[in-house]
Amino acid sequence: MVARAISHLVCSCCITHPTYQSNRSKQLNNKRTAVKLHSSNVSKLLISHVDSGELAEALAVFQTIKNATNFHWNAMIRGHTNCELHEEAIRFYVQMQNAGKVEDKFTFPIVIKSCTRLSFRTQGCTIHAKLIKLGLGSDVFICNSLIAMYSKLGPIESAERVFLDMPARDIVSWNTMIDGYLSNGEGLKSLSSFRQMQKDFGLKPDQCGVMSALRACNKELSPKKGKEIHCYVIKQGFELDNQVITTLLDMYCKCGEMRHAERLFHNMQERNVVTFNVMINGYALSNQPAMAVVSLMEMQESGVEPDAITLLNLIPSLTQLRCSSHGRSVHGFAIRKACLPDLILETALMVMYAKIGELNSAILLFDRMPERTLVSWNAMIYAYVQNGKALEALDLFVILLKEGTSLKPDAFTITNIVPAYSELASLRHAGQIHGYVFKLEYGTNTLVHNSMMHMYSRCGDLNASRKVFDKMLERDVVSWNTIILAYALHGIGSTALDLFKVMKEMGYEPNNDTFQSVLSACSVSGFIEEGWMYFDIMQREYNFSPQIEDYGCMVDLLGRAGDLERAVEFIERMQVAPTAKIWGSLLTASRNNRNIEMAEFAAERILNFGHDNTGCYVILCAMYSDAGRWEDAERIRCLLKEYDLHRTRGRSLVELNKNTCSFVEGEKSHHQIYTILVASDILSMEAGESAVNLLNKFNLQGVLKEKVKQPSRHTVRLAVSFGLISSANGTPVLVKKNIRICNDCHKAVKKISSFTGREIIVGDSTIYHHFNNGKCSCGDYW
DNA sequence: CTAGGGTTAG
């Protein structure tokens, strides 16, 4: 039965393997010598070849043996297993059975090992059944290899069962089980087994056990337990074992205890590539990218050659230093050192290029990769997303799905592609990807849910977002951050803050992003006192240094309070250099407070950055016009013309049941445009605007030709009107706009929501406005 | 004769 199960492996390619070819010339000689030897000497010769990995020679000797015993067969299998030639090993195993031999207690461990390496779970189970029939079910060696097999191929419960049913366990049994729990993500079980073997069974863990336990500490981020194990290491005199020390070093690095790691590192006798690699990785993890580079230099000074993993571990630090030339030099170094092509390194380089905004380099790498895994695809998809290329990301996603890559998207693919859907902000497409994800059964994946939540809120459906959140079985900090931010994005700060309180009550530990969400919530809803309180708490209680986004929220809040002078003071005292966005917040605040001088001051700062400053000019121009300073307004208009800058064309989308309609400023391509214009004018008039534009049936053409500046013709108005007349009463109307909604439209839509009794949701470039019964969720400040 | 072992991309 076993033979049949694995017979598909049996083919003739064993002879073509390089190990055989390289040694083929020696074969004949060996054959001749072997024939002359006595059988016990033949066995010795066979073993000596097997032990030194000379498989061709071993085979030659084996072939001279007339009545090969189990001993000889086992030796041949073992030789191949040890050389990682597992298919060959299995082939010899099959041949052994065909030769009428019955496996013994020495055969099984090696065969099981090869099955494990080949991920032959079914075959492994068959073998398990067979060895029980043969009465070998209690053999310690066999059980240990079974534990290893079930730990790697699953289910872990089977490994546990074998372990518990053993009449006697040795230290390897424990080590294997401890490591098995660990590789199944069960760090705590791993550590408790480690303790149990000592306390309840009086066993003294060896170096292997210690190393597994230390890695369990990494998983649980428990430097405390790691230190206890460190003490044990010293007591047992394992300090001289380089591998143990390296694992300890890694534990301190991963648990964020760089000081301890550094001390250990400096006291080490012998530092090799791996030691340096661990340190370089540690500096990256603890946000000390410069130290990672220092470590690399130390490494080179002490004559240790970097390898592919060194470069791999270095990449995050170089990315963080945002130094593209260093990044490139790593790439060049990899090529010179012949580290490429290397699947993992190439993917890491791709990610690096994507993060520093060199999308083209990432694309080039991806296109030229000789081999790609799902990870590479996922990384490339995210590379597009990160660089604002949502459509390209979607294209690649579709290629992954359709073209015979035979790869199935996983949870990472989904979390990477979903932001592209958020970017598209199309509810209809959001629903489609949601349905697809549902089919893939990632229904319990927290990451996937988090991205869905974010997508729905970005697409304008706060309820759907909340529904995802409520249904989640396992939430993490990101889930909370996302739902809090969702309410902030929809201008409902009070609910956002309530959720923050619940989050803390439930014992979740807020992080930097949490406070960003919380401060945004305070900012959108104008909770000035709360804003300052949380700004203070995050620094004092949580020791977070404010990020630029946090400062932005505070500037918004100061602006809301009308305290522009204090806002300027605040900006100048920030711990980070102000960005154009920060001055942008001041500009917005100046506009809302009708403070032209301050607006000019902010605009000047923004212009210094030399980006696309169109928006800045547009705001200034509008402010001058509002204040009746026509010459100044005209001056700005001339500047715009001179620099060939064009005001972003207004564009509004309305999401209907089955499709999306787009209205672009100055375009009248919609086939029902006349009806829509009439509807819009009627609604606007009803909302109390003067009827200058009310259409006269007979004068349609004239009206259409006219360059419409009137607010009643703003694209939002058209989108809202069309939404209202083409959807059922009682359903909300969802409109999205690429630029900020103007004051007139905001006022009008409030009234429209009142007399039509409909909820109207308008997402602009900043937030979603929920218009209901004549009020807007933004509290008229945005 | 047989079992477990340091750093590693999204």
Can you confirm whether the side chains of [X] and [Y] place a donor and an acceptor under 3.5 Å from each other?
X: A/Glu160; Y: A/Tyr181; value: yes
X: A/Asp51; Y: A/Asn82; value: no
X: A/Thr81; Y: A/Ser114; value: yes

* Is there a donor and acceptor pair closer than 3.5 Å between the side chain of A/Asp179 and the base of B/dG5? -> no
* Asked: Considering only heavy atoms and no angle criterion, is a donor-acceptor pair shorter than 3.5 Å present between the side chain of A/Thr247 and the base of B/dG6?
  -> no
Reckon [X] touches a base, only the sugar-phosphate, or nothing at all at heavy-atom distances under 4.0 Å?
X: A/Asp170; result: base
X: A/Ile110; result: sugar-phosphate
X: A/Tyr382; result: nothing
X: A/Lys355; result: nothing
X: A/Thr176; result: sugar-phosphate
X: A/Asn281; result: sugar-phosphate

* To do: Only counting residues at least two apart or in another chain, list the ones meeting salt bridge (Lys or Arg N to Asp or Glu O under 4.0 Å) with A/Glu305.
  =>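 Residues passing salt bridge (Lys or Arg N to Asp or Glu O under 4.0 Å) with A/Glu305: A/Lys337.
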Using atom [atom1] of [X] as one end and atom [atom2] of [N] as the other, report the distance to the nearest whole Å.
X: A/Leu136; N: B/dC1; atom1: CG; atom2: C1'; value: 15 Å
X: A/Asn242; N: B/dT7; atom1: CG; atom2: C1'; value: 12 Å
X: A/Ile417; N: B/dG10; atom1: CD1; atom2: P; value: 18 Å
X: A/Asn313; N: B/dT8; atom1: CG; atom2: C1'; value: 7 Å
X: A/Asp206; N: B/dG6; atom1: CG; atom2: P; value: 13 Å
X: A/Leu131; N: B/dA3; atom1: CG; atom2: C1'; value: 13 Å
X: A/Lys105; N: B/dA3; atom1: NZ; atom2: P; value: 13 Å
X: A/Gln386; N: B/dA9; atom1: CD; atom2: P; value: 17 Å

Taking the side chain of [X] as heavy atoms from C-beta outward, which of [options] is closest to it?
X: A/Leu343; options: B/dA9, B/dT7, B/dA3; value: B/dA9
X: A/Lys152; options: B/dG5, B/dA9, B/dA3; value: B/dG5
X: A/Arg78; options: B/dG6, B/dT8, B/dC1; value: B/dC1
X: A/Lys254; options: B/dA3, B/dT8, B/dG6; value: B/dT8
X: A/Asn144; options: B/dT7, B/dA9, B/dA3; value: B/dA3
X: A/Phe412; options: B/dA3, B/dG10, B/dG5; value: B/dG10

Compute the ring centroids of [X] and [Y], then answer whether they are less than 6.0 Å apart.
X: A/His331; Y: A/Tyr353; value: yes
X: A/Phe62; Y: A/His72; value: no
X: A/Trp377; Y: A/Phe397; value: no

* To do: Keeping to residues at least two apart or across chains, list the ring-ring contact (aromatic ring centres under 6.0 Å, His included) pairs with something in residues 238-258 of chain A.
  =>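 The answer is A/His230-A/Tyr252, A/Tyr252-A/His260.
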* **Test ring-ring contact (aromatic ring centres under 6.0 Å, His included) applied to A/Phe265 - qualifying residues, sequence neighbours left out** =>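 Testing A/Phe265 for ring-ring contact (aromatic ring centres under 6.0 Å, His included), a comparison that skips the adjacent residues, returns A/Phe276.
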* Residues from residues 270-279 of chain A sitting under 4.0 Å of DNA chain B, heavy atoms only? -> A/Asn272, A/Val274, A/Asn277, A/Val278
* Asked: Near DNA chain B, under 4.0 Å by heavy atom, which residues of residues 368-375 of chain A?
  ->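 Per residue number, the list reads A/Thr373, A/Val375.
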* Please report the closest heavy-atom contact between A/Cys125 and A/Met149, naming both atoms and the distance. => N-CE, 4.3 Å
Identify every side-chain donor-acceptor pair in residues 203-210 of chain A under 3.5 Å, counting partners at least two apart or on other chains, and give the distances.
residue: A/Asp206; atom: OD1; partner: A/Asn175; partner atom: ND2; Å: 3.0
residue: A/Asp206; atom: OD1; partner: A/Cys208; partner atom: N; Å: 3.2
residue: A/Asp206; atom: OD1; partner: A/Gly209; partner atom: N; Å: 3.1

* Asked: For A/Phe106 and B/dT2, are the ring centres under 5.5 Å apart with planes inclined under 30°?
  -> no
